[in-house]
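Below you'll find the structure, written out as structure tokens, and then a few comments.
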Protein chains: 2
Amino acid sequence: MKTPTSIQRMTRQRRILIETLDRRNWHPTAEEVYHIVRKKAPKVSLGTVYRNLDILSKEGVIAKIEDAGAQRRYDGNNKPHYHVKCLGCGNVWDVPDEAVSWVREPRVRIPDFTVTGHRLLFEGYCFHCGKQK
Amino acid sequence: MKTPTSIQRMTRQRRILIETLDRRNWHPTAEEVYHIVRKKAPKVSLGTVYRNLDILSKEGVIAKIEDAGAQRRYDGNNKPHYHVKCLGCGNVWDVPDEAVSWVREPRVRIPDFTVTGHRLLFEGYCFHCGKQK
DNA sequence: GTAAATGCAAAAACTTTGCAAATTC
DNA sequence: GAATTTGCAAAGTTTTTGCATTTAC
């Protein structure tokens, strides 16, 4: 796992948290991480877990899954279509079907799992936020 | 827009809310909907907006975008890969690259927008939740 | 020794819910 | 008139933050 660069002190709690996260096919919530880390660092606080998860994800060491942003968004258009989200301002736009090129819908086969659909979200920066960077 | 079937009374507030949502390329938060609806129904409450958004999305009339579920999830594996999420229990698993077939990465061109990446999430039901349905 | 990081608790942010009153059919 | 829906406010849930104390370097 990549070592974070903005971290200045490798505390016991942080080391245990990073070790804990270094597991394949595991997608824990902050509270799940908290409970696991507490087994080795019984006094760790949930705040510390949140703080470190935030630091690590900003570093790109770990990823936030399905980060919906602060507030959930709704779409009055219930026809299948894709979205693009600005990582700067959080705004979401539709992606016109003709803007996406692939030969066919993505297909997946997973044992013991019935796939009913998929969501594809493009990320990047809108004109306004891109200029600010 | 599809008309919801489980709704029994078309109240003034609900009608205005549905009319409000019927707009293209708009992906409002509950609070944004609330403020727009209030222009025509000044006494509407945020609770009513949430209740109706929930009903409408359960009906499939509107969609929740990037519904992260109750709690955010993290992934210690920061290499690009896709996920599959069970709509029953909310669990998330990795999708092995070889399980996804398409000819090439999805590409998109959107004016005034710099796309830096994409997220692809498959949805469905795991073995356990699929049996319960 | 110094500054970063923690623990704790309080606050913030977002969403859901109980209940009396209003409204639709 | 009966039952759904609303408005209000309170509570629930998740995440963030202020600050004194601890800890790593």
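Chain naming here is simple, since letters A, B, ... match the order of the sequence lines and numbering starts at 1 in each. Owing to the predicted nature of the structure, the values given are computational and were not obtained by experimental measurement.
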* Which residue lies more 5' along DNA chain D, comparing A:Arg9 with A:Thr48 via nearest heavy atoms ->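 By nearest-heavy-atom nucleotide position, the 5'-most residue is A:Thr48.
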* If each of B:Tyr74 and B:Gly47 is mapped to the nucleotide of DNA chain D with the nearest heavy atom, which maps nearer the 5' terminus, i.e. the 5' end? ->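 Per heavy-atom nearest nucleotide, the more 5' residue is B:Gly47.
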Can you tell me the distance, in whole Å, between the [atom1] atom of [X] and the [atom2] atom of [N]?
X	N	atom1	atom2	answer
A:Glu31	D:dT13	CD	P	10 Å
B:Gln71	D:dG12	CD	P	17 Å
B:Leu56	D:dT5	CG	P	11 Å
A:Arg15	D:dC25	CZ	C1'	15 Å
B:Ile55	D:dT6	CD1	C1'	11 Å
B:Arg14	D:dT6	CZ	C1'	10 Å
B:Gln8	D:dA2	CD	C1'	12 Å
B:Arg73	D:dT14	CZ	P	11 Å

Any donor-acceptor pair under 3.5 Å linking the side chain of [X] with the backbone of [Y]?
X	Y	result
A:Arg14	A:Asn52	no
B:Arg72	A:Lys64	no
A:His81	A:Lys79	yes
A:Asn78	B:Gly60	yes
B:Asp54	B:Tyr50	no

* Asked: Taking a hydrophobic cluster as the set of Ile, Leu, Val, Met, Phe, Trp and Tyr residues connected by side-chain heavy atoms closer than 4.5 Å, whether directly or through intermediates, do A:Ile16 and A:Ile62 fall within one such cluster?
  ->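 Linked within one cluster.
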* To do: Report the residue (B:Leu46 or B:Gln13) whose heavy-atom-nearest nucleotide on DNA chain C is the more 5′ of the two.
  =>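 Going by which nucleotide is closer to the 5' end, it is B:Leu46.
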* To do: Kindly indicate, with the supporting measurements, whether the criterion side chain to side chain donor-acceptor pair (under 3.5 Å) is fulfilled by B:Asp94 and A:His27.
  => CA-CA 9 Å; B:Asp94 289 340; A:His27 310 92; 2.7 Å; yes
* Considering only side-chain heavy atoms of A:Thr11, which listed nucleotide, D:dA24, D:dT14, D:dT5, is closest? ->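 That would be D:dA24.
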* Asked: When all nucleic acid strands are considered with a 4.0 Å heavy-atom cut-off, which category describes B:Asp54: base, sugar-phosphate, or nothing?
  ->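 Touches nothing.
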* To do: Look at all strands and tell whether A:Arg51 reaches a base, only sugar-phosphate, or nothing, counting heavy atoms closer than 4.0 Å.
  =>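 The answer is base, as A:Arg51 lies within the cut-off (heavy atoms under 4.0 Å) of a base atom.
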* Is the shortest heavy-atom distance from the side chain of A:Trp26 to the side chain of A:Thr20 under 4.5 Å? ->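 Yes, their side chains come closer than 4.5 Å.
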* To do: Please report the shortest heavy-atom distance between B:Ile7 and B:Glu59, naming the atom on each side.
  =>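 Result for this residue pair: N-OE2, 4.3 Å.
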* Nucleotides bounding contact with chain B, strand DNA chain C, heavy-atom threshold 4.0 Å ->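 That gives a stretch of C:dC14 to C:dC25.
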* Once you build an axis from the first five pairs and another from the last five of the helix from C:dG1-D:dC25 to C:dC25-D:dG1, how far apart in angle are they, to 10 degrees? ->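 Nearest ten degrees gives 30° for this helix.
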